Every structure is written in C-alpha cells, then in structure tokens.
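Working notes for the structure below.
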Amino acid sequence: MAMLNFGGTEEKVVTREEFPLDKAREVLKDEVIAVIGYGVQGPGQSMNLRDNGFNVIVGQRKGGASWEKAVKDGWVPGETLFPIEEAADRGTIIQYLLSDAAQIEVWPRIKPYLTKGKALYFSHGFGITYNERTKIIAPEEVDVILVAPKGSGTSLRRLFKAGRGLNSSYAIAQDATGRAYERVIALGIGVGSGYLFETDFQREVYSDLTGERGTLMGAIQGIFEAQYDVLRANGHTPSEAFNETVEELTQSLMPLVAENGMDWMYANCSTTAQRGALDWKDKFRDAVKPVFEDLYESVASGEEAQRSIDSNSQSNYRVKLEEELRELNESEMWQAGRTVRGLRPENAE
C-alpha cells in the first residue's frame, strides 16, 4: 500500500505494481465468486474476472432478459450461470450487484446463504449505509467489502479490453475472517481497476449520490439546457447551439482535461477563451455552490436515499422513468445531438 499526498492530505492507494494480477489470483485461488445481478456492473465485472482467470459464476433470474444477455456473453446455464439462490449457495464471495431497489427486494433470499467465512461484496455503499431503511444487515461471521469502479460497467469492460483500467475505491465494513483486506484488493485488481483508493461505505455513497446528481449527470444536463436555451432564444441555430454547448466540450475540451488537467486545457485554448474562463469561473462556482451544499445535506440526511427507495418501489416506476427519458431524448437539444453525431467523420457515409 502506498501513501499519496494531495496538497497535504494523505491517501492510501494500491496499484497493480504492488498487488499484481498473479498475486490476486493466488489470494482467490480457492474462492468461487458469485456475481448476483447482470445489469449495470454485473456484466463488466464478471467478464473481466473471468478473462483474468478467476472462478466466476453468475446468478440471475432465469428466463429474463438479463439471463439471456448472460447466455450471449458466454455464461453457460448449469455450469457458470444459475438462478440467484443456487449461485449464492455455491459462492464463497457473493458480489451483490443488483440495483439498490432490487437489493432490498432480494435480500431475504440471499441472507440464508451468507454462512461463516463467506464475503459479501458491494459496488455501492447504499444498502449498508442506509440499512435502517434497506434492512440489509450482514451476519457477523462474513466479511463485508466494497469495490466501486468510478464509472459504468460498460466503461469498465471497454477499458479492460483496451488494456487499461478504471480507478476504483475500496472499503471494508466488516472483517470477520482476517482476510477481508487481501480479498477486497484482489477483487479490485481482478475486476480491472487502474488503482484502488481507500474509502468507507458511507463516504462512498455520499460522494457517489452527490456526483450522480451533480457534475456527472444532473448538474451537467442542467447546465447544457440553460446554455442551449439562451443561445436558441438569441437566434442561434440548433446546430450552432449544440456544437457550442455539448459537442466541443465532449469531443475537444474534456479529452484535454482528462489528459493533463484543467490548467493544461486552458493553456491549449485561445487567449480570449482563457481570459473569459478565468473571469467567469468564480461566478459560476459561487452560483452553484449553494445548490451542491443543499444536495449534500439531502444525501447525508438520507432524504435522497428514501426518495430513491420510494420511487423505485412503485409498480409503475419503469413506465414513469421511460416517459421522462423519452421526453429528454425527444428534446430539441438531443435531437440536434443525434444529427451532429451522425455528421462526425467516423459516422459519415
């Protein structure tokens, strides 16, 4: 384990160099990793583990769309693909990768198979942190661990196939066996993490819910809409408004930020752009910081968790969600986006 210093704050991190894949395989050589759920994280994590040489099985509701997807991905019914309870029974490490709402629903069926010495693995701190609401309370004789890749399962798989990694956080909520640390790090390396940084279940879910509702998804869509609407209201065409709002950001500037940071991106833009960005960044920060403070308080109080539980448990949740996503998809801005993406050189005929 290495200690990295970030402006005076030290963090524990684990890299592939200090915990190589061969070591991870050795740690888990006698384990059966049962991946429960084949939705967002399940496919990427399970296939990466399989390709890295670990003993992996998948548990999923038989006959559903996710079961059929698992079959297409090479999981064999009766050999590496099983109904949820059978997979949980066979596994020594149970990777609980169902959605937060599904975790609550399925928990009574999983808990009986959490026998002494097993490990219960999460990729989100939701179920354990808000256990008064979720009722997910692990038996005392099992390890409770977390590896949370900082991105979607699709990105995790894509980067793995490209020979790269997606950074992940790791946490230990319960070490019943004395092996929780080596288990969680081996699993983190096995699923394809670039490096692993230490957290705990509460910090993971607080930062994750804030990020999803903030700069990763909620805030960025709100900012897109605001700028696009102002440009359109002032006579700019859909193409011009979309290119200046989304296309240039995602295709040109964010790759520069990812490469070397915001200062480097600024340095590779015009002096006019630099001056304007530096002059206006503080105004935007001061305008939105109160919103982020409200958001974090909502997360920390459990209000966001309860809203998610209540919403996702409604019988017509999927119908409502699909309607909201359809409205987003059919908005002028994202219709313009489809046209613009189709005109990119790699997509043009």
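Predicted, not measured: the structure shown is a model, and the values here were computed from it. Numbering of residues begins at 1 and proceeds along the displayed sequence. In what follows, every heavy atom counts, from backbone to side chain, and hydrogens, waters and symmetry copies are set aside.
Heavy-atom neighbours of Arg326 CZ from other residues, nucleotides or ligands within 6.0 Å: above the threshold of 12. By the neighbour-count criterion of 12 heavy atoms within 6.0 Å, atom CE of Met217 is sparsely surrounded, having that number or fewer from other residues, nucleotides or ligands. Shown here is Glu140, whose CD atom has no more than 12 heavy atoms of other residues, nucleotides or ligands within 6.0 Å. No more than 12 heavy atoms of other residues, nucleotides or ligands sit less than 6.0 Å from atom CZ of Arg158.
Among residues at least two apart or in separate chains, salt bridge (charged side-chain N to carboxylate O under 4.0 Å, His left out) pairs with a member in residues 283-298 are Asp282-Arg285. For residues 135-163, the set of pairs meeting the ring pair (Phe, Tyr, Trp, His ring centres under 6.0 Å) definition, not counting sequence neighbours, is empty.
To the nearest 0.5 Å, atom CE of residue Met265 and atom CG of residue Leu253 are 5.0 Å apart. Residue Glu324 holds its CD atom at 13.5 Å from CG of Asn329, rounded to the nearest 0.5 Å. Expressed to the nearest 0.5 Å, how far OH of Tyr170 lies from CD1 of Ile185 amounts to 5.0 Å. Glu132 CD to Gln306 CD: the interatomic distance, rounded to the nearest 0.5 Å, is 11.0 Å. Expressed to the nearest 0.5 Å, how far CD1 of Ile104 lies from OG of Ser308 amounts to 8.0 Å. The line from CG of Leu295 to OG1 of Thr210 is 4.5 Å long, rounded to the nearest 0.5 Å.
Between Arg61 and Trp67, every side-chain heavy-atom pair lies at or beyond the 4.5 Å cut-off. Between Trp264 and Leu256 the shortest side-chain heavy-atom distance falls below 4.5 Å. Arg338 has its side chain within reach of Arg341: a pair of non-hydrogen atoms, C-beta onward, lies under 4.5 Å apart. The shortest side-chain heavy-atom distance between Pro238 and Arg232 falls under the 4.5 Å cut-off. In this structure, Ile93 and Val32 have side chains that are not in contact, with every pair of non-hydrogen atoms separated by 4.5 Å or more. In this structure the side chain of Phe54 reaches within 4.5 angstrom of the side chain of Leu21, judged on heavy atoms. Side-chain contact between Leu120 and Asp143: absent, with no pair of heavy atoms (C-beta onward) separated by less than 4.5 Å. In this structure the side chain of Tyr96 never reaches within 4.5 angstrom of the side chain of Tyr121, judged on heavy atoms.
Residues passing the salt bridge (charged side-chain N to carboxylate O under 4.0 Å, His left out) test with Asp89: none are found, sequence neighbours excluded. Not counting sequence neighbours, the partners of Glu17 by the side-chain hydrogen bond (donor to acceptor under 3.5 Å, both in side chains) test are Thr15. Partners of Glu31 under the side-chain hydrogen bond (donor to acceptor under 3.5 Å, both in side chains) rule, at least two apart in sequence or in another chain, are Thr92, Arg179, Arg183. Listed by chain and number, the residues in a salt bridge (charged side-chain N to carboxylate O under 4.0 Å, His left out) with Arg203 are Asp200 (sequence neighbours excluded). Every side-chain hydrogen bond (donor to acceptor under 3.5 Å, both in side chains) that Gln41 has, sequence neighbours left out, goes to Gln45. Under the side-chain hydrogen bond (donor to acceptor under 3.5 Å, both in side chains) criterion, Glu225 pairs with Gln221, not counting sequence neighbours. For Asp229, there are no salt bridge (charged side-chain N to carboxylate O under 4.0 Å, His left out) partners, not counting sequence neighbours. Evaluation of the ring pair (Phe, Tyr, Trp, His ring centres under 6.0 Å) rule for Trp334 yields Phe242 as partners, not counting sequence neighbours. Remark: Tyr130 engages Phe126 in a ring pair (Phe, Tyr, Trp, His ring centres under 6.0 Å) (not counting sequence neighbours). Taking Ile220 as the reference, Phe224, Leu249 meet the side-chain contact (heavy atoms from CB on, under 4.5 Å) condition, with sequence neighbours excluded.
Gly214 and Phe292 get closest at one heavy-atom pair: CA-CE2, 3.7 Å. Counting all heavy atoms, side chain and backbone alike, Val147 lies closest to Ser168 at CG1-CB, 3.9 Å. Contact detail for Ala138 and Val144: the closest heavy-atom pair is CB-CG2, 3.6 Å. Across all non-hydrogen atoms, the minimal contact from Gln174 to Pro139 is NE2-O, 2.7 Å. Between Leu146 and Val184, the closest heavy-atom pair is O-CG2, 3.3 Å.
Counted by atom type alone, Asp310 and Gln314 present zero donor-acceptor pairs between their side chains at under 3.5 Å. Side-chain contact annotation: Ser169 with Glu204, donor-acceptor N/O pair under 3.5 Å absent. Between the side chains of Arg25 and Asn52, no donor-acceptor pair of N or O atoms lies under 3.5 Å. Ser152 and Ser155 share a side-chain donor-acceptor pair at under 3.5 Å.
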_Leu325 and Glu322: CA distance, side-chain angles, deciding distance, side-chain contact (heavy atoms from CB on, under 4.5 Å) verdict_ = CA-CA 5 Å; Leu325 294 177; Glu322 289 172 5; 5.7 Å; no

*Apply side-chain hydrogen bond (donor to acceptor under 3.5 Å, both in side chains) to Thr245 and Gln227, showing your working.*
CA-CA 7 Å; Thr245 300; Gln227 179 169 304; 3.3 Å; yes

*Is there a salt bridge (charged side-chain N to carboxylate O under 4.0 Å, His left out) between Glu68 and Lys72 once you walk through the steps?*
CA-CA 6 Å; Glu68 296 306 320; Lys72 290 180 181 178; over 6 Å; no

_Full working for side-chain contact (heavy atoms from CB on, under 4.5 Å) between Glu304 and Tyr206_ = CA-CA 10 Å; Glu304 287 299 307; Tyr206 282 15; over 6 Å; no

_Worked verdict on Glu244 versus Tyr228 for side-chain hydrogen bond (donor to acceptor under 3.5 Å, both in side chains)_ = CA-CA 8 Å; Glu244 287 298 332; Tyr228 183 89; over 6 Å; no

*I would like to know whether Thr177 and Lys118 meet side-chain contact (heavy atoms from CB on, under 4.5 Å); could you show each step before the answer?*
CA-CA 8 Å; Thr177 66; Lys118 288 193 177 186; over 6 Å; no

*Yes or no on side-chain contact (heavy atoms from CB on, under 4.5 Å) for Tyr113 and Glu85, after CA distance, side-chain angles and deciding distance?*
CA-CA 8 Å; Tyr113 300 101; Glu85 289 89 347; 3.6 Å; yes

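Checked by atom type and distance alone, the side chain of Ser313 pairs as donor or acceptor with a backbone atom of Ile309 at under 3.5 Å.
A cation-pi arrangement, defined by a distance under 6.0 Å to the six-membered ring centre and an angle within 45 degrees of its axis, is present between Arg50 and Trp75. Lys23 forms a cation-pi arrangement with Phe19, by the criterion of a distance under 6.0 Å to the ring centre and an angle within 45° of the ring axis.
The pair Arg307-Glu303 meets the salt-bridge criterion, since a charged nitrogen lies less than 4.0 angstrom from a carboxylate oxygen.
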